[in-house]
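Reviewing the structure listed below.
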2 protein chains.
Amino acid sequence: MLSEPPKRLTIYDLARLADTSPSTVSAVLNGSWQRRRISQKLADKILSLAKAEGYSANLQARALRRERSGIIGMILPLYDNRYFSSIAQHFEAQARQRGLFATVACTNRNPEQEREAARMMLAYRVECLVSTGATDPDTISEMCDERGATSIHMDLPGYKAPSVISDNREGARRLTDAILDRLAGQDTSENDILFIGGRREDHNTRERIAGFTQARTQRGLATSKADIITCDYAANRTQNALEAYMYQRTRLPSAMFVNSTISLEGVVRWLQLGGYQLDDMVMGCFDWDPLAAAFHPSLLMVRQDVEVMIERVFEIIDAPTVETNRCIEVSPEIIGV
Amino acid sequence: MLSEPPKRLTIYDLARLADTSPSTVSAVLNGSWQRRRISQKLADKILSLAKAEGYSANLQARALRRERSGIIGMILPLYDNRYFSSIAQHFEAQARQRGLFATVACTNRNPEQEREAARMMLAYRVECLVSTGATDPDTISEMCDERGATSIHMDLPGYKAPSVISDNREGARRLTDAILDRLAGQDTSENDILFIGGRREDHNTRERIAGFTQARTQRGLATSKADIITCDYAANRTQNALEAYMYQRTRLPSAMFVNSTISLEGVVRWLQLGGYQLDDMVMGCFDWDPLAAAFHPSLLMVRQDVEVMIERVFEIIDAPTVETNRCIEVSPEIIGV
DNA sequence: GCACTTTGCACAACCGATTGTGCAGTCGAA
DNA sequence: TTCGACTGCACAATCGGTTGTGCAAAGTGC
């Protein structure tokens with residue numbers, strides 16, 4: 001294992017074996033041989049030799065010389081929800097398609113970890129760094145700029161690099177509309193909806209609150225501060241916040257706008273503990289999870305269009321432009337209507 | 001962006017600025033300067049200069065010269081369940097602690113993708129490749145051996161490299177015991193339990209079936225082929241399999257041993273469609289998901305001890321031994337008893 | 001004052017690829 | 001026969017670090 005590194009085959013070895021020069025071997029193996037007028041015969045010889053010996057190029061050496069690593073990086077808050085995990089999977093798939101090597105690091109919504117991961121990736125000379133849901137996107141853009149790497153933001157926008165995000169406001173508006181439609185069907189007298197979860201300081205939560213408020217305003221409903229609880233992205237905090245909220249109430253709100261699956265976990269736990277049924281209340285969740293859908297078929301959900309978002313990201317990677325603070329918004333889809 | 005790569009600072013630049021030699025700068029910056037008897041004064045000068053200029057070493061170049069990349073890789077079937085995503089997160093965390101750079105690729109349980117990802121990682125000279133849930137672990141070990149990289153398997157065992165897996169048989173036995181205990185409480189006459197999900201050809205499923213059977217045998221219950229449906233790891237297949245299964249029955253089985261959260265999704269969907277309640281049947285799931293726990297508080301679950309498993313993996317990385325086919329089994333925990 | 005050790009640093013080779021350039025040999029045309 | 005063009009390849013510099021080695025200058029002991 002690590003003890004005795006069995007001397008990997010290099011182009012120098014192949015050159016000796018093929019009785020030619022390293023530069024010729026290199027040209028043949030990286031495809032530039034036609035341009036370099038290497039004869040078909042010699043090329044074939046080298047190619048078959050390389051195959052026979054199981055040669056594979058040292059991409060570190062190549063990267064060093066070419067000053068292009070072929071690596072693209074992504075930082076991610078976490079893996080463990082459908083949204084982020086699907087971002088990671090699509091990112092990898094697209095990278096692979098382009099012959100790029102994708103590397104993903106998860107940074108727990110922690111700005112210090114984000115910077116540290118960015119530092120590492122830049123030290124390995126990633127050509128491009130996609131920061132997803134970064135709490136401090138602009139610093140990361142600056143780091144990328146210094147190192148000459150393309151910076152792109154996803155999920156949360158930054159101001160020093162292009163961003164690809166969901167149209168949170170529209171998604172929230174449509175989710176709220178769907179909730180209100182359901183309530184109209186139930187013909188409840190007091191259509192009080194609680195917005196719960198997220199961080200008031202983050203762009204997405206703000207936009208979703210705006211959409212939530214807008215949809216209600218359009219139906220002549222006022223929205224007060226008490227209707228909105230931004231208790232961070234955490235199940236326990238959501239659960240505690242609900243506990244506190246209900247302390248001064250006698251009945252459930254008629255609906256909840258739950259801002260993320262992790263908050264949904266808290267809401268559901270709290271409902272179960274209180275002996276409520278899932279359908280005692282209309283629920284909409286800004287995020288999509290098939291397991292939640294299975295357990296709660298009437299749950300309304302917002303499914304962000306990760307596939308399109310990643311496509312947009314790669315359009316920027318493929319053709320980086322100068323307009324640096326563009327923000328592309330992708331419409332999400334409402335599930336369950 | 002990619003257009004004008006702003007010449008990164010190198011040790012040569014710093015050497016000019018500090019009026020010294022590149023080798024001295026290198027020694028100072030990589031910590032070997034005491035050994036090389038560089039004076040404290042010069043070292044300080046170089047260090048502060050490096051900080052001021054925002055120098056960061058080109059790790060590709062370092063890797064090339066040192067013939068150690070500082071990169072460790074992992075391949076993973078998917079990100080989107082709690083088990084695998086937590087594996088990825090712990091892997092990264094442990095790697096970071098050791099100053100290693102972790103890179104994870106997900107390969108969709110597809111042997112060709114697994115090999116391709118391994119090839120890429122080895123071309124970037126990963127020092128170690130952890131293959132998690134690999135469908136073709138031994139080929140990957142061979143590839144690693146050729147390249148002088150340490151190979152370790154996780155979740156599913158291989159025979160040409162050490163493996164760290166869950167004690168599936170014991171976990172299944174204990175889960176089955178827990179299910180039977182619940183049934184005993186209900187005092188059902190026919191304690192029929194259906195085992196559903198997984199692949200009969202994979203080691204884990206086989207072991208879990210063995211544990212399932214053992215636990216039943218110990219209580220004097222026979223297990224027939226009809227009690228076991230290995231319909232792969234997929235929600236739809238599980239749903240269809242249940243459909244077919246119930247076609248020739250009049251009532252639900254009294255319990256189900258569900259082999260993975262993805263199968264659980266199918267089971268739950270099927271129950272909902274059939275108009276059943278979650279508690280019409282005792283359910284145990286070989287996997288853990290907090291959202292599922294929230295929705296179904298009486299669900300029994302097996303939580304694999306990812307933290308310990310990753311620790312074991314790194315013990316092997318830290319001190320690679322010769323006994324190559326060791327298989328370490330880590331006990332999982334039963335949740336919900 | 002001299003030999004000897006220690007201190008402090010620079011030189012140059014090297015890791016494994018890529019690529020600009022040069023040159024011998026062949027061929028065709030004048 | 002001679003010159004130019006083209007073919008086919010090798011040489012050597014280079015990317016940005018690391019590290020074995022050598023050698024002045026300073027310090028020490030007698």
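Below, chain A is the first sequence line, B the second, and so on; all start at residue 1.
- When atom types are taken as modelled, the side chain of B/Q94 and the backbone of B/I310 share no donor-acceptor pair closer than 3.5 angstrom.
- Counting to the nearest Å, the P atom of D/dG17 and the CG atom of B/L59 are 9 Å from each other.
- At D/dC9, one or more side-chain N or O atoms of A/S39 fall inside 4.0 Å of OP1 or OP2 (strictly under the cut-off).
- Using a 4.0 Å cut-off, no side-chain N or O of A/N30 falls inside it from OP1 or OP2 of C/dA17.
- Side-chain atoms of B/D13 and B/Y55 include no donor-acceptor pair closer than 3.5 Å.
- A donor atom on one side chain and an acceptor atom on the other are not found under 3.5 Å apart for A/Y79 and B/D80.
- Summarising the geometry, the separation between CG on A/N58 and P on D/dG16 is reported as 16 Å, rounded to the nearest angstrom.
- Of the N and O atoms on the side chains of B/T139 and B/D136, at least one donor lies less than 3.5 Å from an acceptor on the other residue.
- B/I38 places its CD1 atom 6 Å from the P atom of C/dC9, with the value rounded to the nearest Å.
- Applying the 4.0 Å criterion to OP1 and OP2 of C/dC9, one finds that B/T20 has every side-chain N and O outside that range.
- For the residue pair A/T24 / A/S21, a side-chain donor-acceptor distance below 3.5 Å is found, with atom types taken as modelled.
- Residues A/D138 and A/S141 bring no donor and acceptor atom of their side chains to less than 3.5 Å of each other.
- Distance NZ (A/K41) to P (D/dG8): 11 Å, rounded to an integer number of Å.
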Residue pair B/R119, B/E146: steps toward the salt bridge (Lys or Arg N to Asp or Glu O under 4.0 Å) verdict: CA-CA 11 Å; B/R119 233 188 309 279; B/E146 281 177 29; over 6 Å; no
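- Because its NZ or CZ atom is not both nearer than 6.0 Å to the ring centre of A/Y233 and within 45° of the ring axis, A/R199 does not count as a cation-pi partner of that residue.
- By the 30° and 60° cut-offs, the orientation of the rings of A/F314 relative to A/F91 is tilted.
- With D/dG17, C/dG16, D/dT19 as the candidates, the nucleotide lying closest to the side chain of B/R36 is D/dT19.
- The shortest distance between the side-chain N/O atoms of A/S26 and the OP1/OP2 oxygens of C/dA17 is not below 4.0 Å.
- Protein atom CD of B/Q34 is 13 Å distant from nucleotide atom C1' of C/dG8, rounded to whole Å.
- As a whole-Å value, the separation of B/D19 CG from C/dG8 P is 18 Å.
- Toward the 5' end of DNA chain D, the nearer of the two residues A/L42 and B/Y12, judged by each one's closest nucleotide, is A/L42.
- Contact annotation: A/Y124 side-chain N/O to D/dG16 OP1/OP2 distance is not under 4.0 Å.
- Residue contacts shown for A/R37 include a base, since a base heavy atom lies under 4.0 Å away.
- Atom CD of A/Q40 is separated from atom C1' of D/dC9 by 15 Å (rounded to the nearest Å).
- Side-chain atoms of A/S23 and base atoms of D/dC11 include a donor and an acceptor less than 3.5 Å apart.
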Report all interatomic pairs (protein N or O, nucleotide N or O of nucleotides 24-27 of chain C) with separations under 3.5 Å.
none

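- Remark on the helix from C/dG1-D/dC30 to C/dA30-D/dT1: inter-end axis angle 50°, axes from five-pair C1' superpositions, rounded to 10°.
- As rounded to whole Å, 6 Å separates atom C1' of D/dG16 from atom CD1 of B/I11.
- For the pair A/R65 and D/dT14, the criterion of a side-chain N or O lying under 4.0 Å from OP1 or OP2 is not met.
- In summary, the side chains of A/E114 and A/T135 do present a donor paired with an acceptor at a separation below 3.5 Å, with no hydrogens or angles considered.
- Mapping A/S21 and B/R66 onto DNA chain D via the closest heavy atom, the residue that lands nearer the 5' end is A/S21.
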